[in-house]
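All ligand and atom numbering here is 1-based and tracks the order in the structure. Please read all numbers here as calculations on a predicted model, not as lab measurements. For reference, positions follow the sequence shown, starting with 1.
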Amino acid sequence: MNQNIALPIRLVVLISGNGSNLQAIIDDINNNNLPAQIVAVISNKADAYGLQRAKKAGIEQRVLSHRDFSDRTQYDQALKELIDEYQPDLVILAGFMRILSNEFVEHYLNKIMNIHPSLLPKYKGLNTHQRAIDAGDKEHGCSVHFVTPELDDGPVILQATVPIKADDTAETLATRVHEQEHRIYPEAIRLFAENKFSLNL
Ligand code: GRF
């Protein structure tokens, strides 16, 4: 699927908040570990800290607020048009806190990835760290996966596992998981860019 993509591959990164995964990707590109360029960072929130990270890195930032649209269909249509201005090879969801319509996801099928803070298929959705603690799990982690219309359900590309310690809170566990997110997300993008795998749905 991606064998005709020229390096560096073009990424559009979607965020809603802190953007620490965005930062990990920026750092990996700057360290020449990742043959990619971020052509735009798009946020649905104007105050997302990740926008400042993008600015500092000299990356174009765009804000498209969901509050300016009456429904999901209209928002997703506008988002699609905005993304497509940049002709990305891959769309990266990095803490983008929106449910995406089927039509949007299908438009980017095989070229849209997400990172989720659990060992999928466990704990789709929110509050994953607390849910793993409450279940008495010994291990937790994160997953990079292709996005398909079903929430947090697409084929997994990479996972990382961390131990759950007896005195962990959701916060301490989240910190441990985040470290792994910052390692495996750039790695998954690199494998995609180097054509080590692709998806054909
Ligand atoms: C991460 O925990 C990621 O797994 C989830 O949203 C969070 C984003 O964090 N999808 P950040 O904005 O990259 O710091």
Side-chain angles (χ1 to χ4, degrees), residues 11-30 33-34 36 38 40-57 59 61-66 79 83 90-100 104-105 108 111-134 137 139-164 168-190 192:
L11 308 178
V12 166
V13 182
L14 305 191
I15 62 166
S16 298
N18 180 26
S20 67
N21 280 285
L22 166 67
Q23 189 67 55
I25 296 164
I26 292 171
D27 292 346
D28 239 41
I29 291 171
N30 289 343
N33 287 329
L34 180 54
I38 302 175
V41 169
I42 300 173
S43 175
N44 63 318
K45 295 193 172 170
D47 61 353
Y49 181 64
L51 290 169
Q52 292 184 44
R53 298 180 190 268
K55 187 174 180 194
K56 197 168 168 209
I59 299 165
Q61 319 115 56
R62 305 289 293 268
V63 175
L64 190 69
S65 174
H66 53 279
L79 183 60
I83 293 171
L90 187 61
V91 176
I92 297 293
L93 305 181
F96 188 60
M97 301 303 285
R98 296 267 314 159
I99 296 198
L100 298 164
F104 179 93
V105 171
Y108 297 107
K111 48 182 240 177
I112 180 166
M113 284 183 195
N114 182 39
I115 187 149
H116 183 73
S118 78
L119 294 171
L120 291 173
K122 280 187 144 183
Y123 311 127
K124 298 172 182 177
L126 298 175
N127 301 322
T128 59
H129 309 302
Q130 192 61 54
R131 286 159 68 199
I133 291 170
D134 291 348
D137 291 358
E139 285 184 337
H140 184 45
C142 49
S143 310
V144 179
H145 65 97
F146 281 111
V147 177
T148 54
E150 201 72 22
L151 182 69
D152 299 329
D153 194 54
V156 170
I157 300 161
L158 284 178
Q159 288 185 315
T161 302
V162 301
I164 299 181
D168 262 332
T169 62
E171 288 71 33
T172 58
L173 185 54
T175 302
R176 198 172 308 124
V177 171
H178 257 113
E179 283 169 17
Q180 296 305 314
E181 292 187 15
H182 301 159
R183 188 175 64 76
I184 67 170
Y185 213 177
E187 175 68 6
I189 299 166
R190 186 178 67 76
F192 180 90

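With contacts defined as side-chain heavy-atom distances shorter than 4.5 Å, the pair S20/E181 does not qualify. Counting heavy atoms from C-beta on, the side chains of Q180 and V177 never come closer than 4.5 Å. In this structure, the side chains of N18 and R53 come closer than 4.5 Å at one or more pairs of heavy atoms. Under the 4.5 Å side-chain criterion, counting only non-hydrogen atoms from C-beta, L79 is in contact with F96. M97 has its side chain within reach of L126: a pair of non-hydrogen atoms, C-beta onward, lies under 4.5 Å apart.
Within the 4.0 Å heavy-atom shell around ligand 1 one finds H178. Residue I115 places a heavy atom less than 4.0 Å from ligand 1.
Under a cut-off of 6.0 angstrom, the local environment of NZ in K124 is crowded, with over 12 non-hydrogen atoms contributed by other residues, nucleotides or ligands.
With distances taken over non-hydrogen atoms, the option nearest atom 11 (P) of ligand 1 out of S20, S118, C142, S16 is S20.
Remark: ligand 1 atoms within the under-4.0 Å shell around heavy atoms of N18 are 12 (O), 14 (O). Counting the atoms of ligand 1 from 1 in the order shown, those under 4.0 Å from a heavy atom of E181 are 1 (C), 2 (O), 3 (C), 4 (O).
Protein heavy atom closest to atom 12 (O) of ligand 1, with residue, atom name and distance, is G19 N, 2.8 Å. Ranking the protein heavy atoms by distance from atom 8 (C) of ligand 1 puts G95 CA, 3.6 Å first.
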